[in-house]
2 protein chains.
Amino acid sequence: MKQEAKTAAGAPATLWDRTRQLASQEILATALRLFTEQGYDETTIAQIAREAGVSQRTLFRYFGTKEDLLGGDQDRFGQVLTDAVGEQPADVGVWEALRAGIAAVQVLHDSREQALERFRLLHNTASLRAGWLEKRLRFQEDLLPLVEARMGTAGGGADPRGRAVLATAFACLDAASMTWVANDGKGDIMDLYDECLAAVRG
Amino acid sequence: MKQEAKTAAGAPATLWDRTRQLASQEILATALRLFTEQGYDETTIAQIAREAGVSQRTLFRYFGTKEDLLGGDQDRFGQVLTDAVGEQPADVGVWEALRAGIAAVQVLHDSREQALERFRLLHNTASLRAGWLEKRLRFQEDLLPLVEARMGTAGGGADPRGRAVLATAFACLDAASMTWVANDGKGDIMDLYDECLAAVRG
DNA sequence: GACAGTCTGGCAGCGACTGCCAACCATGCT
DNA sequence: AGCATGGTTGGCAGTCGCTGCCAGACTGTC
């Protein structure tokens with residue numbers, strides 16, 4: 001259940017945890033390979049489990065959902081995002097604070113290639129896109145109180161402005177990443193994000 | 001299944017078509033009732049089919065997807081939207097044109113109550129939210145060329161600004177409708193939308 | 001009344017996902 | 001070393017959304 005994934009270097013904890021982590025990596029690698037090879041929808045859980053050498057039941061214990069096999073740690077995304085935004089000084093504006101959060105998330109990507117590969121899958125697969133948008137919406141919900149506090153709007157559901165600012169920031173991130181993928185990973189996502197915001201806010 | 005052997009009154013279309021339409025309405029009404037009564041995820045296709053008096057197979061022939069039982073004509077939404085935007089005079093700005101399109105869609109709702117009921121289900125059910133966002137993304141893709149033409153940006157994937165403006169407009173609509181639902185349908189969605197845009201671009 | 005074209009329901013099956021249960025095995029205690 | 005413990009695993013059955021297939025019932029036409 002809960003795992004201190006602090007196995008950065010050495011300190012291999014118990015043998016169990018090491019085995020767990022190994023299996024987890026194996027499953028993740030197999031899934032990503034098959035997804036890029038033959039597409040997300042065309043890859044079945046049974047196939048991933050077979051090629052990774054585990055049972056379907058175990059696979060579902062590691063990753064509760066087929067989607068989780070791609071995103072890996074989307075939950076950590078949300079964590080890093082809200083943390084980064086929350087840690088911004090109080091005198092920083094909303095837009096700047098959100099920018100800082102988004103920038104913090106970008107650092108989490110392992111490599112440009114892997115990020116590009118994942119984004120490409122995400123943008124080209126309807127079911128994945130849907131799931132991702134849904135998760136992103138939950139991040140927005142988590143961020144909402146922070147944003148409203150920074151804007152001075154009382155929120156409580158009556159004032160739409162906090163939600164609007166938040167949704168716009170993510171919308172720009174969306175546009176930026178889609179353009180980034182369309183350009184085969186050329187340029188920097190944050191630059192594109194800035195360009196998007198500038199286009200929107202004049 | 002059973003049918004009124006008489007139906008003497010009026011015969012505008014063939015009996016087939018009439019039966020079909022009747023069954024369709026019956027299914028739709030049953031589905032909406034069960035969804036609001038016990039929730040979307042807790043309602044099975046088998047239950048809807050049983051209470052509507054048709055087989056599952058037939059139900060799936062009428063509505064290809066469980067989601068289709070709620071939205072009904074989401075496709076028409078997109079149609080009206082793109083038509084309205086496209087029909088705006090050439091000298092109208094992007095933001096204004098998009099606003100006109102969104103306003104055109106609002107007219108399609110049957111009644112305030114029904115719209116509120118549907119929106120409530122939509123915003124409270126994760127799977128539905130995901131599907132809706134996905135479909136909305138497709139609308140954005142349809143709208144993109146129109147927006148880029150109006151902005152003078154030669155899209156082709158290289159320029160993110162068209163996508164950014166588009167996504168922002170929808171983001172504001174999202175924030176507006178969520179606030180509308182949170183306030184139990186009080187006020188006008190378009191007013192909230194304007195407020196959102198002002199907060200973003202102000 | 002016979003024929004053709006639809007529509008329907010039932011059945012089997014796929015894929016994602018879950019609950020249950022028996023077998024397993026690293027770990028800790030004696 | 002021996003043994004109990006508790007987390008881990010895999011298989012089996014089952015649910016739910018959804019599809020292909022096939023036989024039978026129905027409507028409309030000649």
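Small disclaimer: the values here were computed from a predicted structure and weren't measured.
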How long is the line joining CZ of Arg20(B) and C1' of dA25(D), in whole Å? 16 Å
Return no unless some side-chain N or O of Tyr62(A) is found under 4.0 Å from OP1 or OP2 of dT9(D). yes
Take atom CZ of Arg50(B) and atom P of dG10(C), then tell me their distance rounded to the nearest Å. 13 Å
Please report the distance, rounded to the nearest Å, between CG in Leu34(B) and C1' in dC16(D). 16 Å
Rounding to a whole Å, what distance do you find between Leu59(A):CG and dT8(D):C1'? 15 Å
Go through the steps for Asp41(B) and Ser127(B) under the test side chain to side chain donor-acceptor pair (under 3.5 Å), then give the verdict. CA-CA 8 Å; Asp41(B) 288 327; Ser127(B) 44; 3.3 Å; yes
Atom CD of Gln47(B) and atom C1' of dT15(D): how far apart are they, to the nearest Å? 14 Å
Smallest heavy-atom separation, Ala100(B) atom then Gln88(B) atom, equals CB-NE2, 3.4 Å
Rounded to whole Å, CG of Leu22(B) lies from P of dT27(D) at a distance of 14 Å
Gap between atoms CG and C1', on Asp68(B) and dC18(D) respectively (whole Å): 12 Å
Ring pair (Phe, Tyr, Trp, His ring centres under 6.0 Å): pairs with one or both residues in residues 157-202 of chain B, sequence neighbours excluded: Phe119(B)-Trp180(B)
Please name the residue in the list Thr30(B), Leu34(B), Ile48(B), Thr43(B) that meets the side-chain contact (heavy atoms from CB on, under 4.5 Å) test with Leu69(B). Ile48(B)
Electrostatic pair Asp184(B)-Arg120(B), nearest N-O below 4.0 angstrom: yes
With a 4.0 Å cut-off on N to O distance, would you call Lys135(B) and Glu67(B) a salt bridge? no
Base, backbone or nothing for each nucleotide of nucleotides 15-22 of chain C, written B, S, -, heavy atoms under 4.0 angstrom, 5' to 3'? SSBBBB--
